[in-house]
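Notes follow once the structure below has been shown.
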Protein chains: 2
Amino acid sequence: MTTAQIKDVLALATARLAPAGEYIFDEGAEAASFHLLLDGHIQVERLNAEGDRVISLHIPPGQLFGIAKALGRTTYPASAVAAVDCVVLSWPMSQWSEFADRYDGFATETYSVIGARMAEMHNRIMELATQRVEQRIACALLRLSEKHGRQVEGGTEIAFPITRKVLSEMTGSTLHTVSRLLSAWERDEIVKSKRKHIFVLDPSRLEQLAQ
Amino acid sequence: MTTAQIKDVLALATARLAPAGEYIFDEGAEAASFHLLLDGHIQVERLNAEGDRVISLHIPPGQLFGIAKALGRTTYPASAVAAVDCVVLSWPMSQWSEFADRYDGFATETYSVIGARMAEMHNRIMELATQRVEQRIACALLRLSEKHGRQVEGGTEIAFPITRKVLSEMTGSTLHTVSRLLSAWERDEIVKSKRKHIFVLDPSRLEQLAQ
DNA sequence: CTCCGAGTTTGCGCTTCAACAACCTTTGGC
DNA sequence: GCCAAAGGTTGTTGAAGCGCAAACTCGGAG
């Protein structure tokens with residue numbers, strides 16, 4: 001895309017600040033807009049019939065999300081919540097095809113993102129189907145630190161606040177089990193954690209635990 | 001697509017018969033072709049590091065598969081095996097973009113398929129994360145009978161041979177547990193099974209079991 | 001017709017982990 | 001500085017379901 005094209009596109013967007021905890025859109029709602037995360041972290045989640053929350057993925061800044069239209073859907077398949085204060089650009093879904101037609105590489109880029117997300121979901125399915133809780137949590141921490149990590153002295157910090165509860169909802173477990181494991185791993189100096197913040201100190205041993 | 005266009009397209013395809021058990025392509029292999037299943041049933045699967053097989057989805061006749069290129073990938077993310085004798089049309093992946101450009105609706109149609117598959121994977125993740133084995137197996141049977149069912153007197157038969165082992169690999173369980181549950185459900189006249197064949201007699205009670 | 005192997009059934013012990021419960025700690029609002 | 005609420009720790013218990021083992025049965029190859 002040229003600079004002129006970028007200007008055009010930005011002129012059509014609405015920017016807004018979503019404070020931590022705000023829902024950008026809800027599962028099942030009509031997909032009226034697609035979004036770009038400029039800053040912050042978005043959590044994509046669904047509730048099952050019994051009301052258990054399952055967190056499917058986290059969106060890092062710079063990614064499009066809520067692109068239901070690209071997949072032939074008219075409603076959002078999941079909800080998106082701001083995990084921290086976020087800056088979000090939004091466009092009406094009606095402009096999707098225009099964008100795709102007009103800007104070369106827009107569609108290709110988008111489908112690469114979708115491909116990557118599918119691959120990630122595929123991995124999650126494998127993990128859930130074959131690994132034990134301990135391994136799954138180790139995997140989740142590794143993924144988070146790789147994709148959403150920030151280097152600090154001594155290790156990698158996960159770049160947004162994350163509770164035991166959230167980690168359990170990402171791994172199909174309970175906050176109790178997560179708490180126990182994090183405590184054990186902290187004793188072994190594999191991770192370190194403050195409330196809502198986790199640091200991976202020794203990724204190689206975490207990988208071992210994930211097998 | 002017009003009839004003339006269909007003829008063009010078919011002229012470029014290679015047709016072949018894949019006997020039951022044959023691998024159409026392997027996980028990780030270079031994505032040289034994309035395929036259309038004319039007849040039969042394809043099973044998409046992956047192996048994890050320990051060699052456990054996980055079955056992600058089943059492809060019904062009439063669907064495209066192995067469409068890695070559409071998702072910006074150069075290798076297949078999973079393997080595809082013929083679950084029964086299959087008739088498969090294949091095109092070299094190099095023709096993908098040509099097809100997408102030339103035939104209106106081709107791309108849109110494809111992305112709808114991808115959207116549906118993502119939705120299904122999403123559901124699988126939810127199930128694996130929150131439901132117990134019994135519920136997951138009930139869900140799997142319902143899905144199979146809906147998407148790959150064939151009406152027979154008294155119920156619905158799953159349209160391709162399926163072992164306890166396969167069902168366990170679809171649900172992240174073991175063939176023993178599946179066997180036990182099927183036996184119990186057969187006593188309650190919810191399902192009926194011959195070796196490699198399963199009939200769903202009472203879908204409503206199965207839905208109850210799946211909650 | 002017989003044999004062999006793939007598919008299935010069933011029992012038993014043992015591990016994993018969710019459920020329940022109680023208590024502790026940190027943080028932010030007033 | 002106090003309080004409430006959110007978040008975290010830790011112990012105990014019970015059950016789900018996996019691993020192992022052994023036996024059974026069907027169906028096809030020869």
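Every chain is numbered from 1, with letters handed out A, B, ... down the list of sequences.
Across all strands, B/L182 comes closer than 4.0 Å to no nucleic acid atom at all (heavy-atom distances). Within 4.0 Å of A/K194, counting heavy atoms only, lies no atom of the nucleic acid at all. Here B/S179 lies in heavy-atom contact (under 4.0 Å) with a base.
Residues A/S56 and A/R124 have side chains that never bring a donor and an acceptor to within less than 3.5 angstrom of each other. For B/Q151 and B/T156, the side-chain atoms include at least one donor-acceptor pair closer than 3.5 Å.
Checking C/dT10, C/dT27, C/dA6 against the side-chain heavy atoms of B/R195 singles out C/dA6 as nearest.
Distance CG (B/L167) to C1' (C/dT9): 16 Å, rounded to an integer number of Å. If you take CD1 of B/I162 and C1' of C/dG7, they are 14 Å apart, rounded to a whole angstrom. Per the geometry, CG belonging to A/L175 stands 16 Å off P belonging to D/dG11, to the nearest Å. Rounded to an integer number of Å, the gap from A/H176 NE2 to D/dG14 P is 17 Å. Atom CD in B/E50 sits roughly 11 Å away from atom P in D/dG19 (whole-Å rounding). Between A/R164 atom CZ and D/dG8 atom P there is a gap of 5 Å when expressed in whole angstrom units. D/dC26 atom C1' lies 12 Å from atom NE2 of B/H197, rounded to whole Å. One atom, CD of A/Q131, and another, C1' of C/dC17, lie 16 Å apart when rounded to the nearest Å.
Between the side chain of A/R132 and the base of C/dT16, no donor-acceptor pair under 3.5 Å is found.
For B/R180 and A/V133, each mapped to the nucleotide of DNA chain C holding its nearest heavy atom, the one lying further toward the 5' end belongs to B/R180. Both A/S183 and B/G172 sit near DNA chain D, but only A/S183 has its closest nucleotide nearer the 5' end.
Classification of the A/F34-A/W91 ring pair by plane angle, with boundaries at 30° and 60°, yields parallel.
With contacts defined as side-chain heavy-atom distances shorter than 4.5 Å, the pair B/V133/B/T174 does not qualify.
For the pair A/E127 and A/R136, the salt-bridge criterion is not met [side-chain N within less than 4.0 Å of a carboxylate O].
Regarding contacts with the backbone of D/dG7, every side-chain N or O of A/T163 stays at 4.0 angstrom or more from both OP1 and OP2. In terms of phosphate contacts, A/S173 brings no side-chain nitrogen or oxygen within less than 4.0 Å of OP1 or OP2 of C/dC17. A sub-4.0 Å separation between OP1 or OP2 of C/dA18 and a side-chain N or O of A/T177 is present.
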